[in-house]
There are 2 protein chains.
Amino acid sequence: MTVSRALKDGASIAAKTRNKIMKAVEDLGYVLDQSAGSLSSKRTGFVAVLVPSINNSNFADTARGLTDALQGSGLQLLLGYTDYSVEKEEELIESMLRRRPEAIVVTGGRHTARGRRLLENAGIPVIETWDQPAKPVRHVVGFSNAEAAASLVRHLHGKGYRKIAFIGGTTNRDTRGADRRLGYERAMTALGLKDARVISFGTPPITMQQGGEALARLIEQWPDVEAAICVSDLSAFGALMECHRRKLQVPKRIAIAGFGDFEISRCSYPAITTVGVHCYDIGRRAGELLLRAIEGERKGQPMAAETIITNYAVISREST
Amino acid sequence: MTVSRALKDGASIAAKTRNKIMKAVEDLGYVLDQSAGSLSSKRTGFVAVLVPSINNSNFADTARGLTDALQGSGLQLLLGYTDYSVEKEEELIESMLRRRPEAIVVTGGRHTARGRRLLENAGIPVIETWDQPAKPVRHVVGFSNAEAAASLVRHLHGKGYRKIAFIGGTTNRDTRGADRRLGYERAMTALGLKDARVISFGTPPITMQQGGEALARLIEQWPDVEAAICVSDLSAFGALMECHRRKLQVPKRIAIAGFGDFEISRCSYPAITTVGVHCYDIGRRAGELLLRAIEGERKGQPMAAETIITNYAVISREST
DNA sequence: CTAGCATTTGTTATCGCTAACATAGCAATT
DNA sequence: AATTGCTATGTTAGCGATAACAAATGCTAG
């Protein structure tokens, strides 16, 4: 027991004893067993985080924000990839809950019925991110992808573009992508631009290359198109490069806009107009919210459901 | 006990009993507690993985390869970011070991003395990746960054370039980056090209933007430079865009090469010559190796140390 | 009907730690 | 010297699962 106390800080223990213990620990190469500790103290120090993917995506930044926010709190991320599938998400939720995380962060507000039930009954703080679900499970840190995409449409409209197209993936698995398209369509209608032009190409998340191919199709199908909004900066970049290849001047002949404010949109030439959505901050603020929620849980005073709407802003650059 | 049996497969249990239990489980929303299970069975199902970073980096692909390889094995990744710092790595090794992972995968072969000791005494399979350490802790899945960079130099030399520069970060924290520079320098000497031109700019991992700025400096310092090798595709891309801005024709006026075969190098215009290093495969094969090693460990027959050298190849594209 | 075997269920101890309480030690105060 | 009030250490009893063994049940065959 004294050893146990020596190894955590804040316990009252004589300096002499502690030193003796520490020396023994170092000599023996002893490492505390946290599974056993967790079992006893009922605090695992885990936070489960489910993201669609971590490769070339905004979610990596969100994960990083979370990691940073949790720095020093003794909490550790348990990361899972859902691959943009709610079925896989359900599986992951279950296997994560087996580890008894102290909170769980998921991406988006769409889950399987059972997935949702698992979340609701988990007895731990739940945070949905990157979205603004109509019926949140509990806490939310996100924004409306539809609204964000709509504001991009209005921005282009304000610059004089009328024949505006949307490039995205073929399915609705990527709900954020689907929301963006929805926002595009609504904004077009609202502006009286009847003929929405949607190119669906590739399973989400669509790659740079697929963005390029989609642009090729777009040009073929609607040669008079004036601007293309891409579901993400990556596809926008692919589209932009395809324009280079075809010697189509951007933005003179066609304007290109992306979504997400990846570094690439800032650095490419021409730099790409995009919607900045503060991916890192979503993670960071989810982390901070979660710390408060866990604190409350430990004190037996569960926090009231909180919804944090994060900012987004159209970032106008050379490509529009 | 019967419940415990019902919840794992392969146990002999009457179908009727199992169904009854499953129903109760579903009704109660009961979820197994794996910390308790791990404590008892001495198998946590964790694999610790330490990577420098997961944002815009090859390591995300490696993590993905690992995840895929471990799919269905019941093992779960415990991911940690070292931020390219061996001190942070040491901390992470310790906190990971507290979770009693069944194997640990680290990036690179450089560790603090204590970090190395912890790895050696952990009593679990250790895999070092992305490098070819002189004295591996145990297993290795990697390649020589120096050799790979050297072969890129030779490739450029073969194409007639002589005044070849290297763009990288300012410190040696990123040991793989440092190795690449070393390989560059050695190859230049070996080819009789005396005047190595190295631009160090930004703390690793250097960004696209820093790659662009570095190119600007390079041109200023050595206006006659014919080719630039960048420490990664991201900086190469930044450099390439800077060339666009300055209306320097690539590869006519200056050739640009990267490292890592990120998607961006394939899609950019002009497409960037790079060294393909099979990031995903490194993860995948580390995962497979690790499964065998864990299997051996469980049977009480530890596996002999194994070194897997992964392939790399210069991929010649339009930028050189 | 019962021995004999296979299958299914039950018991007990244990994994390595910590919460909660109990005791010991020690200085200050009266 | 006795009392009080600390702080430092020790004891005991779990946390919730599983390993290992023990018992019960079911089935087949003689």
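So you know, we letter chains A, B, ... as the sequences are listed, proteins then strands, and number each from 1. Predicted model only: the values in this text are computed from it and were never measured.
- Taking atom CG on B/Leu39 and atom C1' on D/dG16, their separation rounds to 9 Å, with Å as the unit.
- To the nearest angstrom, C1' of C/dT9 lies 13 Å from NZ of B/Lys16.
- One donor-acceptor pair, N or O on each side, does fall under 3.5 Å between the base of D/dG10 and the side chain of A/Arg5.
- Between B/Phe46 and A/Phe46, the ring centre distance stays below 6.0 Å.
- The aromatic rings of B/Trp130 and B/Phe59 sit perpendicular, their planes meeting at an angle over 60°, well past the 30° parallel limit.
- Put simply, CD1 on B/Ile21 is 11 Å from C1' on C/dT8, counting in whole angstrom units.
- Distances were taken from every side-chain heavy atom of B/Ser41 (C-beta onward) to each of C/dC17, D/dG16, D/dA19; the shortest belongs to D/dA19.
- Nearest nucleotide to the A/Asp33 side chain, out of D/dC15, C/dC17, D/dA17: C/dC17.
- Results of the side-chain contact (heavy atoms from CB on, under 4.5 Å) test with B/Val105 over B/Leu77, B/Leu289, B/Leu66 single out B/Leu66 as the only residue that passes.
- At whole-Å resolution of the value, CG in B/Leu97 and C1' in C/dG16 are 16 Å apart.
- Nucleotide C/dC15 holds its P atom 22 Å from the CZ atom of B/Arg98, rounded to whole Å.
- Across the protein-nucleic acid pair, A/Arg100 atom CZ and D/dG16 atom P stand 8 Å apart, rounded to whole Å.
- C/dC17 atom C1' lies 11 Å from atom CD of A/Gln34, rounded to whole Å.
- Remark: P of C/dC17 and CZ of B/Arg99 are 14 Å apart, rounded to the nearest angstrom.
- The listed nucleotides are C/dC17, C/dA19, D/dG16; the one nearest the side chain of A/Tyr30 is C/dC17.
- The side chain of B/Lys42 lies closest to C/dG16, out of C/dA19, D/dA17, C/dG16.
- Summarising the geometry of B/Asn172 relative to B/Ala178, their closest heavy-atom pair is OD1-CB, 3.4 Å, with the distance given to 0.1 Å.
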